[in-house]
Amino acid sequence: QELPEMVLLKFFRPENTPVPARPTPEQLSNLIKTSLHYPESFNHSFHQKSLCLVPVTLLLSNCSQAVVDVMIDLRHKTTSSEALEIHGSFTWLGQTQYKLQLKSQEVYSLQLKACFVHTGVYNLGTPRVFAKLADQVTLFETSQQNSMPALIIINNI
């Protein structure tokens, strides 16, 4: 009885191994999720003290598996007159720019102070957040998706 012929198996790898795809602009604009935590309304006696300071927490969550460089800019102002009529103008006190690095899935809490000189309804959703993958050499970070308006009511007591 004859033995069946043995066939040698060949394993080969294609020469052009795919290069990891660059993240799309949409993916890059969703690296960091932000949320603002603050009181819905705030009572202040403007007769006793002309400046009303409200603590605000900016929560930054790295949604990616990568290390991300983050830049926060608080100098952004609402310029449309319609928005100013509705919400009025306020100022962020202290440092106006922050640069941080968030590890994979890290959540970072940034303590801010908003300063108001009048009663009214204000939109605290003015911080602009930019991010880029830490290992990518790019000249600028991608602007992160902005959340809904963050309205606060300042009352005089």
Side-chain angles (χ1 to χ4, degrees), residues 18-157:
V19 178
R22 285 182 60 97
T24 65
E26 188 185 345
Q27 289 170 322
L28 287 175
S29 69
N30 287 297
L31 292 173
I32 302 292
K33 289 275 179 263
T34 59
S35 60
L36 286 166
H37 298 270
Y38 56 92
E40 211 171 275
S41 66
F42 196 84
N43 296 326
H44 178 79
S45 174
F46 284 97
H47 303 298
Q48 289 180 350
K49 209 172 176 187
S50 60
L51 294 180
C52 170
L53 302 181
V54 179
V56 176
T57 302
L58 175 60
L59 214 57
L60 302 153
S61 308
N62 181 354
C63 300
S64 75
Q65 298 296 324
V67 177
V68 175
D69 289 331
V70 183
M71 202 270 281
I72 299 117
D73 188 356
L74 300 177
R75 298 170 303 170
H76 182 58
K77 287 282 176 243
T78 307
T79 50
S80 76
S81 59
E82 187 181 302
L84 285 175
E85 281 171 32
I86 300 167
H87 309 301
S89 184
F90 72 97
T91 305
W92 292 107
L93 280 193
Q95 194 173 330
T96 56
Q97 282 188 310
Y98 297 85
K99 283 184 187 275
L100 1 139
Q101 196 171 71
L102 298 183
K103 294 178 188 73
S104 166
Q105 305 292 311
E106 185 180 353
V107 176
Y108 185 84
S109 177
L110 189 61
Q111 302 305 316
L112 305 172
K113 275 208 184 318
C115 177
F116 305 90
V117 292
H118 299 290
T119 60
V121 178
Y122 297 87
N123 179 11
L124 295 176
T126 61
R128 290 190 304 175
V129 178
F130 302 92
K132 73 176 185 67
L133 297 173
D135 60 2
Q136 286 203 328
V137 183
T138 48
L139 294 173
F140 58 90
E141 291 92 349
T142 306
S143 181
Q144 299 302 289
Q145 300 268 313
N146 205 350
S147 53
M148 303 302 272
L151 301 179
I152 184 171
I153 301 167
I154 304 296
N155 299 307
N156 192 17
I157 51 169

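Just so it is clear, the structure is predicted and the values come from calculations on it, not from any experiment.
In this structure the side chain of Leu100 reaches within 4.5 angstrom of the side chain of Ile72, judged on heavy atoms. With contacts defined as side-chain heavy-atom distances shorter than 4.5 Å, the pair Val54/Ile154 qualifies. Looking at Leu59 and Thr34, their side chains never come closer than 4.5 Å, going by heavy atoms from C-beta outward. Cys63 places none of its side-chain heavy atoms less than 4.5 Å from the side chain of Asn30. Side-chain atoms of Ile32 and Asn62, non-hydrogen and from C-beta on, do get closer than 4.5 Å to each other. A heavy-atom distance below 4.5 Å is not found between the side chains of Leu93 and Leu51.
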Give the C-alpha distance, both sets of side-chain angles, the deciding distance and a yes or no for side chain to side chain contact (heavy atoms under 4.5 Å, CB included) between Trp92 and Leu124. CA-CA 9 Å; Trp92 292 107; Leu124 295 176; 4.3 Å; yes

Side chain to side chain contact (heavy atoms under 4.5 Å, CB included) between Val70 and Val129, worked out: CA-CA 7 Å; Val70 183; Val129 178; 3.9 Å; yes

Tell me, with the steps shown, if Leu133 and Val67 meet side chain to side chain contact (heavy atoms under 4.5 Å, CB included). CA-CA 6 Å; Leu133 297 173; Val67 177; over 6 Å; no

With side chain to side chain contact (heavy atoms under 4.5 Å, CB included) as the criterion, how do Leu74 and Gln95 come out once you've worked through the C-alpha distance, each side chain's angles and the decisive distance to 0.1 Å? CA-CA 8 Å; Leu74 300 177; Gln95 194 173 330; over 6 Å; no

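Phe90 and Thr126 make their closest contact through CZ-OG1, 3.9 Å (heavy atoms, listed as atom of the first residue, atom of the second, distance). Taking each heavy atom of Ser64 and Ser104 in turn, the nearest pair found is O-OG, 3.5 Å. When all heavy atoms of His44 and Lys49 are compared, the closest pair comes out as NE2-O, 2.8 Å. Across Gly125 and Ala150, no two heavy atoms sit closer than the pair N-CB, 3.8 Å. Residues Leu102 and Tyr108 share a closest heavy-atom pair of CD2-CB, 3.5 Å. The shortest non-hydrogen separation linking Asn156 to Ser45 is OD1-CA, 3.6 Å.
Side chain of Tyr38 to backbone of Leu151: a donor-acceptor contact under 3.5 angstrom is found.
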List the atom pairs, donor and acceptor, that lie under 3.5 Å between side-chain atoms in residues 109-120 and the rest of the protein, sequence neighbours left out.
unit_1 : atom_1 : unit_2 : atom_2 : d
Ser109 : OG     : Gln111 : NE2    : 3.1
Gln111 : OE1    : Thr57  : OG1    : 3.0

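Within a 6.0 Å radius of CD in Gln48, no more than 12 heavy atoms belonging to other residues, nucleotides or ligands are found.
With rounding to the nearest 0.5 angstrom, the OG atom of Ser35 is 8.0 Å from the CG atom of Leu60. Note that CD of Gln97 and CZ of Arg75 are 4.0 Å apart. Values are rounded to the nearest 0.5 Å. To the nearest 0.5 angstrom, Lys99 atom NZ is 9.5 Å from Asp73 atom CG.
Between the side chains of Gln101 and Asp69, at least one donor N or O sits under 3.5 Å from an acceptor N or O.
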